[in-house]
Novice: 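Handing you this structure, nothing more for now.
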Amino acid sequence: MSAVSHVSTRRRRVAAVGVSLSDCGRVADATPYALHAQAARRALADAGLGREVVDGFASAGLGTLAPAEVAEYLGLRPTWVDSTSVGGSTWEVMAAHAADAIACGHAEAVLLVYGSTARADIRAGRRTGDLSFGARGPLQFEVPYGHTLIAKYAMAARRHMIEHGTTIEQLAEVAVQTRANAALNPDAMFREPVTVDDVLSGPMIADPFTKLHCCVRSDGGAAVLLAAEEYVRDCRTAPVWVLGTGEHVSHASLSQWPDFTVSPAAVSGRLAFERAGVGPAEIDFAEIYDAFTYMTLVTLEDLGFCAKGEGGAFVEKGRLLVAGGALPVNTDGGGLSAQHPGMRGLFLLVEAVRQLRGEAGARQIRTTDGHPPRLGLASGTGGWFCSSGTVILGR
């Protein structure tokens with residue numbers, strides 16, 4: 001008779017124990033590899049751990065053999081790797097995979113890291129402003145019609161406006177309030193206040209989006225170290241626990257998207273809330289992928305913070321503000337004002353952890369009793385609403 005394994009089936013708790021950003025904004029004198037390394041070193045220092053504890057590594061977007069090239073550059077020899085690449089939601093999806101691996105004992109400490117010189121590359125002529133996703137596979141059936149990435153989001157926004165009466169002024173409120181949050185972040189690229197009129201009067205990019213409806217283009221990197229509960233006692237920072245995650249891929253072609261007014265966060269959010277055992281009403285703040293203003297509005301609906309079609313009314317009256325908002329959203333200024341070097345999902349996790357630790361400086365959220373928030377959410381969106389990953393964190 002074969003031996004029977006008695007390995008415990010208990011799932012270990014998983015915490016974010018180190019987070020950091022590299023230099024961000026306008027970084028003309030660094031390579032993407034250097035930004036990866038800078039963010040990784042800072043995250044390990046934040047945790048108070050050495051790189052020898054890292055046996056898992058997750059990276060996407062750089063190198064021919066991602067993440068092998070970046071791991072080699074960082075001097076790592078991981079026994080667990082992830083190179084999932086689903087656009088802006090990559091990092092929330094990777095965090096979900098890493099948390100599962102650690103919980104099951106397949107890894108002890110996983111480093112997620114990203115770096116990009118998107119802005120510097122355009123300045124130096126190494127790439128153009130219009131990033132092509134190619135014309136192979138399903139894309140070949142849409143490319144002849146001339147859809148740009150921005151146009152795809154603009155069409156979705158217009159459909160929401162038609163079906164639910166959402167106004168351009170309501171979408172502009174997202175940009176206005178996000179900029180107000182950025183004003184509290186000394187590291188944000190753009191901090192000067194803007195008004196609804198400023199947003200509406202800007203140059204048209206893709207109807208109905210004017211310039212301020214669209215994210216900034218920056219350089220920068222970020223890193224998050226996730227570790228098993230046994231490592232928490234050796235860390236210099238308080239743990240922020242991964243409570244629940246969800247992921248979903250909706251479509252690749254616009255023609256296969258069932259409803260332009262419903263994002264994949266409707267599924268990833270539901271799964272994350274169910275697995276965390278909490279509901280939207282218990283969340284103190286949300287970090288939401290905001291390459292365009294419509295992304296924030298529709299994701300708020302799909303995560304359950306308001307009903308479908310009520311996002312426009314929800315974002316009015318300062319609800320997204322750090323200072324006095326009912327649900328502070330994108331507390332660092334988001335991709336609309338703080339930084340957006342490409343796949344920004346990892347930046348959402350860094351900011352969420354800092355808020356829960358009480359380390360966000362002038363933009364720090366406080367509960368009514370003066371303490372840092374208890375529960376936060378990071379939700380990334382990839383492609384043209386093709387994918388979503390949602391992570392619920394708590395202290």
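Model, not experiment: these values are computed from the prediction.
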Novice: Short question: side chain of Lys152, backbone of Phe385 - any donor-acceptor pair under 3.5 Å?
Specialist: no
Novice: With ILVMFWY side chains joined below 4.5 Å, transitively, what does Leu35's cluster contain besides itself?
Specialist: Val27
Novice: If we count only N and O atoms by modelled type, under 3.5 Å, do the side chains of Thr166 and His160 hold a donor and an acceptor together?
Specialist: yes
Novice: For Phe190, what are the other residues in its hydrophobic cluster, where any two members join if their side-chain heavy atoms are less than 4.5 angstrom apart?
Specialist: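 Members alongside Phe190: Met189, Val216.
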Novice: Is any side-chain heavy atom of Val232 closer than 4.5 Å to a side-chain heavy atom of Trp241?
Specialist: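 Val232 vs Trp241: side chains touch.
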Novice: Any salt bridge linking Glu192 with Arg179? Criterion: basic side-chain nitrogen under 4.0 Å from a carboxylate oxygen.
Specialist: no
Novice: Linking Ile, Leu, Val, Met, Phe, Trp and Tyr through side-chain heavy atoms less than 4.5 Å apart, which residues share a cluster with Val86?
Specialist: Val93
Novice: Can you list the residues that meet the ring pair (Phe, Tyr, Trp, His ring centres under 6.0 Å) rule with His147, with sequence neighbours excluded?
Specialist: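 Ring pair (Phe, Tyr, Trp, His ring centres under 6.0 Å) list for His147, sorted by chain: empty.
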Novice: For His97, give me all partners under ring pair (Phe, Tyr, Trp, His ring centres under 6.0 Å), at least two apart in sequence or on another chain.
Specialist: none
Novice: Would you mind checking if Asp332 and Arg363 are paired as a salt bridge, meaning a charged N to carboxylate O distance below 4.0 Å?
Specialist: no
Novice: Tracing side-chain links under 4.5 Å among I, L, V, M, F, W and Y, which residues wind up in one group with Val249?
Specialist: none
Novice: Salt-bridge test for Arg236 and Asp46: reply yes if a basic N is under 4.0 Å from a carboxylate O, no otherwise.
Specialist: yes
